[in-house]
4 protein chains.
Amino acid sequence: MSSSPPPPPATSRPHTGRRRNPAVRDAVLRSAAELLAGPDGMAVSIDAIARMAGVSKHTIYRWWPSKGAVLLEAVVEHAQQEVAIPDTGALVTDLATFLADTFRAVERAGALLRRLIAEALRDTASAQEMREFIVARRGGLRSLLVRGQERGELPAEQELELTMDQIYGLMWYRLLIADSPLTADDAARLARSVAGRPHS
Amino acid sequence: MSSSPPPPPATSRPHTGRRRNPAVRDAVLRSAAELLAGPDGMAVSIDAIARMAGVSKHTIYRWWPSKGAVLLEAVVEHAQQEVAIPDTGALVTDLATFLADTFRAVERAGALLRRLIAEALRDTASAQEMREFIVARRGGLRSLLVRGQERGELPAEQELELTMDQIYGLMWYRLLIADSPLTADDAARLARSVAGRPHS
Amino acid sequence: MSSSPPPPPATSRPHTGRRRNPAVRDAVLRSAAELLAGPDGMAVSIDAIARMAGVSKHTIYRWWPSKGAVLLEAVVEHAQQEVAIPDTGALVTDLATFLADTFRAVERAGALLRRLIAEALRDTASAQEMREFIVARRGGLRSLLVRGQERGELPAEQELELTMDQIYGLMWYRLLIADSPLTADDAARLARSVAGRPHS
Amino acid sequence: MSSSPPPPPATSRPHTGRRRNPAVRDAVLRSAAELLAGPDGMAVSIDAIARMAGVSKHTIYRWWPSKGAVLLEAVVEHAQQEVAIPDTGALVTDLATFLADTFRAVERAGALLRRLIAEALRDTASAQEMREFIVARRGGLRSLLVRGQERGELPAEQELELTMDQIYGLMWYRLLIADSPLTADDAARLARSVAGRPHS
DNA sequence: CTTTAACCGAGACGGTACGTCGTGTCTTAAA
DNA sequence: TTTAAGACACGACGTACCGTCTCGGTTAAAG
């Protein structure tokens, strides 16, 4: 999940010439993130990123294949801080905590994520990469649910993928469609719901 | 849910001048729908709509405030055919049927809906209207669930709004993020899941 | 030089229906003149004329074939006040007076005339009518010069048309190209020049 | 008299970045000239120039501030071939030759010049530049007249600027207003007229 | 210590879309 | 039949963004 270099030369000559300047990558991603987090109407253009980063457009396109790729990597960088996977022994509690943390993180990055999806919807190539990133991030929740199943807190027959689709579906729905907040209360109720004790 | 005219004049003068040509509206919406349904990469521009409809851009902008408004109305026009609300007496069965129908309709209109959301994500004004449309269309599912609650098939305490967010969330998640199909099987399993009998 | 009616009906039926409202003609020409006299950058559109006159565009196009025709007629109306043709017995004096008066009138109507020519340069049809109008207005100067020739103040062989081209040429040159003022002093010197006593 | 770049950066950095492609400038000016010389009714649009030159509109606007500036430069480029300043010793003869040559050149470029002035009349910014260009081109005639004065063929008191206004005034009058030809005979008679021997 | 290849900022360029404006024609309903 | 209101097609305007492409200058490993 890092800016892919231009196709490595087939010859096995190790490397000559000036090395990539890591400051460039940072400047680009930081500028992108800053613009992405801006007011909702504002569009994020490559020109603007380049200008703010003090970098040439060409350099951006050397390291990222498209605007979507830049945005994705900026979001990835920002989302680095993993949400912890709690283990108190009680699935519903753990789930509620995890979801509340996740929701909080997502709320904070709302503008970024909306714009990221906007770009993915325009550019098939970006979409694939984003899909992969998002799918990869489901691992935390999955392990939590699997543990629940192993402990018998969740029926063995329950389709975890569908459950996860419901959970993340609700999250994205609120973010992209309904534009309504994701609260800790939502997290708690959702946790009870998918754990089969909706009203305890 | 019709192309809003520019603010109706405050005076109560009945109407003077040439009337709006309904053929224009139809041609624009038909062209928009056709382009919206096109291959996934292709962008839908006002220029293209105008060209295909044999209509001037000016005319489009006279009746619709933005591209998003045109797309929304095209989708609305297309989505006219309501999904029936079945009533066999068994909530899970009814729900499964309703969702299967809904999913089928949504799958058919996939490209349209993706582009619609794409536009909403880049134009705050459009977003509000789309939100209203989408929220309005939740009525069918709500009545189905309410009936289930009244019959005691669903606990009275169950938060229907959250349940609906889960259902529609899954649907949009598959459509926008995962880009994976929505099958009749998904409908059935989802129906069982939200009705609290996930594995019967 | 009046707004040409649409081709008179061949049938000799005297006239049915509502008669032309003369107030419309006045309102249109007055508005056109007002806009024409506006600041130099501002364009004069038919829409603007119609709006200011409280008249529909259609009505304008019913009575005038093009924008140029409206502008021309507005200028004609404004230029109605004829420049007097003096007769003191001395050609140079008379000519100087006449030209000074003419220059003063033209300077006042500068913006109008510039825009009129601008329109004529875009629209061949208008151009012809304007040409005719301008040529028709040469009569005053011509009679003055002819009288000078008859009195022997001007050689009989002098080509009056060429002389007039020089005089009006200078006037339009200053107005359209050089954008420099036409003074009474210019009038006097020009009068002496064409009368063959440039430095007396 | 060349397409002005956007304000040269104040810093004295020599130049970085890709250089301006001279082929672009040529293609634009050539296309502009070709369209300018087209049939009289046809308007010359930036779109058309860009299309014909195989250049993007953006590029045109990068180098020229307005349509007028493009047209002016196209005309300048075309008018490069200077009219020779003859010196036979006799002012009237020299003047007649010079004017005949000038008239011939101007007649050939008639459509261009008309459209150039049309543009200047609707765009104050262009007007100023065109004025400067036209004024600059008066030098040839002026030197001819000055020589005549020095030789005593023209009275020392004669106002040369006024004389030139008469000459160029007649020329533009025929071109823009009267739309009548400028012949060699006109040149000869005009030469005699301004040289004070109108009927020899 | 020179070569040489890669990196990089500046920025020109073609293409495509945007939303606005102006002209001239046409339609409707009232006067 | 005239009129005001106003819809409509056509086509130009000037701006913006995308992704590609030079142009020089810089940097570091390889010779």
Side-chain angles (χ1 to χ4, degrees), chain A residues 6 9 13-21 23-24 43-48 50-51 53-63 65-67 122-123, chain B residues 6 9 13-21 23-24 43-48 50 54-63 65-67, chain C residues 6 9 15-21 23-24 43-48 50-51 53-63 65-67 122-123, chain D residues 5-6 9 13-21 23-24 43-48 50 53-63 65-67:
Chain A
R13 176 174 39 68
H15 185 83
T16 56
R18 180 180 182 178
R19 297 311 174 74
R20 177 178 186 180
N21 179 359
V24 164
V44 176
S45 71
I46 287 284
D47 279 277
R51 202 163 28 225
V55 147
S56 93
K57 277 205 297 175
H58 191 57
T59 301
I60 295 183
Y61 280 106
R62 186 198 309 280
W63 298 110
S66 68
K67 186 166 80 156
R122 276 189 0 101
D123 175 3
Chain B
R13 177 172 42 68
H15 181 90
T16 55
R18 180 179 183 175
R19 299 309 175 75
R20 178 178 187 182
N21 179 0
V24 164
V44 176
S45 70
I46 289 282
D47 276 287
V55 147
S56 87
K57 273 204 295 177
H58 194 65
T59 300
I60 296 183
Y61 281 108
R62 188 199 315 279
W63 296 110
S66 68
K67 189 163 72 159
Chain C
H15 189 83
T16 57
R18 178 178 180 180
R19 298 309 172 74
R20 177 178 186 184
N21 179 359
V24 165
V44 176
S45 72
I46 287 284
D47 279 279
R51 203 165 26 231
V55 146
S56 92
K57 277 204 299 174
H58 191 57
T59 302
I60 296 182
Y61 280 107
R62 186 199 308 283
W63 298 110
S66 68
K67 187 166 81 156
R122 277 190 359 102
D123 175 4
Chain D
R13 175 171 44 68
H15 181 89
T16 56
R18 181 179 182 174
R19 300 308 174 75
R20 178 178 187 180
N21 179 0
V24 165
V44 176
S45 70
I46 289 282
D47 277 290
V55 146
S56 89
K57 273 204 295 177
H58 194 64
T59 300
I60 296 184
Y61 282 109
R62 188 199 316 279
W63 296 111
S66 68
K67 190 163 71 160

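Just so it is clear: chains get the letters A, B, ... in the order the sequence lines come, proteins before strands, and each one is counted from 1. Values in this document were obtained by computation on a predicted structure and should not be read as measured data.
- Going from atom CD1 of A/I60 over to atom P of F/dT20 covers 13 Å, rounded to whole Å.
- With DNA chain E read from its 5' end, the first of the two nearest nucleotides for D/G17 and D/V24 is the one closest to D/G17.
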Could you encode protein contacts along nucleotides 10-17 of chain F as a string, one character per nucleotide from 5' to 3', using B for base contact, S for sugar-phosphate-only contact and - for no contact, with a heavy-atom cut-off of under 4.0 Å? B-SBBBBS

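- D/S66 is linked by a side-chain contact (heavy atoms from CB on, under 4.5 Å) to D/A69, D/D123, D/S126, counting only residues two or more places apart in sequence or in another chain.
- Shortest non-hydrogen contact noted between D/V44 and D/K67 is O-NZ, 2.9 Å.
- With DNA chain F read from its 5' end, the first of the two nearest nucleotides for C/T59 and B/R19 is the one closest to C/T59.
- The separation between A/R122 atom CZ and F/dC18 atom C1' is 8 Å, rounded to whole Å.
- Not counting sequence neighbours, the partners of C/S56 by the side-chain contact (heavy atoms from CB on, under 4.5 Å) test are C/H58, C/T59.
- Rounding to whole angstrom units, CG of residue A/N21 and P of E/dG9 are separated by 7 Å.
- Below the 3.5 angstrom threshold, one finds a donor paired with an acceptor across the side chain of B/R18 and the base of E/dC26.
- The shortest distance between the side-chain N/O atoms of B/R62 and the OP1/OP2 oxygens of F/dA7 is below 4.0 Å.
- Rounded to a whole Å, the CG atom of C/D123 is 14 Å from the C1' atom of E/dG22.
- OP1 or OP2 of F/dC8 lies within a sub-4.0 Å distance of a side-chain N or O belonging to B/W63.
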